[in-house]
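Report on the following structure.
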Amino acid sequence: MHMCNKGFIFDLDGVIVDTAKFHYLAWKDLANDLKIPFTEAQNEELKGVSRIESLKKILEWGDLSISESDFHSIMDGKNKKYLSYIATMGEEEILPDVKKTLDFLAAKKQKIALGSASKNARSILEKVSLIDYFQVIVDGNNVTKAKPNPEVFLKAAEEVEASSKDCIVFEDSIAGIQAANTAGMISIGIGDEKILHEADYVFKNFTQISNEFLIELMNK
Ligand code: BG6
Ligand code: MG
């Protein structure tokens with residue numbers, strides 16, 4: 001196995017597509033039904049976190065314990081709501097310059113992987129017609145440990161045959177940045193630098209990432 005490859009690993013929700021807002025809305029509806037207050041600051045703690053861990057956190061915030069069957073039906077309800085929000089989603093939900101970045105990396109023959117907590121990842125990439133860019137997809141169906149555990153990124157690295165130090169992770173969540181850092185990868189935060197201060201680099205969005213910077217990453 002040649003380990004000289006670089007691996008460019010992308011999170012999905014909030015990095016490639018503007019779906020973080022739909023996760024937020026779906027959880028907010030649910031928290032309201034349960035009479036649990038839910039703020040945008042708390043929502044930052046849910047970003048990147050699996051469906052099951054997200055519900056556990058919300059219930060903790062509300063100091064609420066429920067039966068196993070209610071837990072499952074609430075998770076189910078959240079996903080149904082989320083799916084209804086994204087039902088009509090198309091390429092317009094791709095975040096600015098994501099496609100340009102993927103095109104550039106592909107033209108430079110770089111390995112591109114997805115590292116997402118979502119069980120809906122494949123269908124979303126298909127909906128927005130980006131699936132063909134990804135040589136490897138590791139998502140919520142392939143991992144047992146939620147971010148900030150690095151499992152999802154370590155698996156992606158293994159599948160693109162790159163060592164951790166040669167992987168670059170794009171993430172919009174605190175949990176995801178922590179996962180990348182723990183894995184020993186280069187972490188690039190996409191969003192607010194105050195929130196993502198643990199990242200090696202932070203950009204507001206991909207319009208701020210130059211080709212020169214990408215080339216620098218390839219040569220690191
Ligand atoms: C992450 C999102 O990408 O996927 C989280 O940031 C979400 O908000 C998680 O909970 C799991 O997604 P899904 O689609 O399997 O419920
Ligand atoms: Mg995300």
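Every number for a ligand or one of its atoms is a count from 1 in the order of the listing.
- Ion pair K119/D139 not flagged as a salt bridge, since none of the NZ, NE, NH1 or NH2 atoms sits closer than 4.0 Å to an Asp/Glu carboxylate oxygen.
- For atom 12 (O) of ligand 1, the closest heavy atom belonging to the protein is S118 CA, 3.3 Å.
- Looking only at heavy atoms of the protein, atom 7 (C) of ligand 1 is closest to V49 O, 3.3 Å.
- Closest to atom 8 (O) of ligand 1 among all protein heavy atoms lies H23 CG, 3.5 Å.
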Exercise for review: Determine, step by step, whether N181 and S187 satisfy the side chain to side chain donor-acceptor pair (under 3.5 Å) criterion, reporting the C-alpha distance in whole Å, the side-chain angles of both residues, the deciding distance to 0.1 Å, and the verdict.
Suggested key: CA-CA 6 Å; N181 291 344; S187 56; 2.7 Å; yes
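- Under the 30°/60° scheme for interplanar angles, the aromatic rings of F22 and Y85 are found to lie parallel.
- The atom of D13 that is an N, O or S and sits closest to the Mg ion (ligand 2) is O.
- Considering backbone and side-chain N/O of N79, none are found under 3.5 Å from N/O of ligand 1.
- Within 6.0 Å of CG on D63 lie no more than 12 heavy atoms contributed by other residues, nucleotides or ligands.
- Remark: minimum distance from atom 1 (C) of ligand 1 to any protein heavy atom is reached at D13 OD2, 3.4 Å.
- Below 4.0 Å from some heavy atom of S54 lie the following atoms of ligand 1, by number and element: 10 (O).
- Shortest contact from atom 16 (O) of ligand 1 to any protein heavy atom: R51 NE, 2.7 Å.
- Taking 4.0 Å as the cut-off between side-chain N and carboxylate O, D76 and K80 count as a salt-bridged pair.
- Note: an N/O pair closer than 3.5 Å links K119 and ligand 1 by distance alone.
- The atom of D172 that is an N, O or S and sits closest to the Mg ion (ligand 2) is OD1.
- For the Mg ion (ligand 2), the nearest N, O or S atom contributed by D11 is named OD2.
- Between the side chains of H23 and K47, no donor-acceptor pair is found at a separation under 3.5 Å.
- In summary, K111 and E159 do not engage in a salt bridge, as defined by a charged side-chain N under 4.0 Å from a carboxylate O.
- Screening D97, I215, I209 against F104 for a side chain to side chain contact (heavy atoms under 4.5 Å, CB included) leaves a single residue, I215.
- Looking only at protein heavy atoms, the nearest one to atom 6 (O) of ligand 1 is G48 N, 2.8 Å.
- Ligand 1 has an N or O atom lying under 3.5 Å from an N or O atom of N120, backbone or side chain.
- Counting heavy atoms under 4.0 Å from ligand 1, residue L12 does not touch it at all.
- When only modelled atom types and interatomic distance are considered, T19 and D13 share a side-chain donor-acceptor pair under 3.5 Å.
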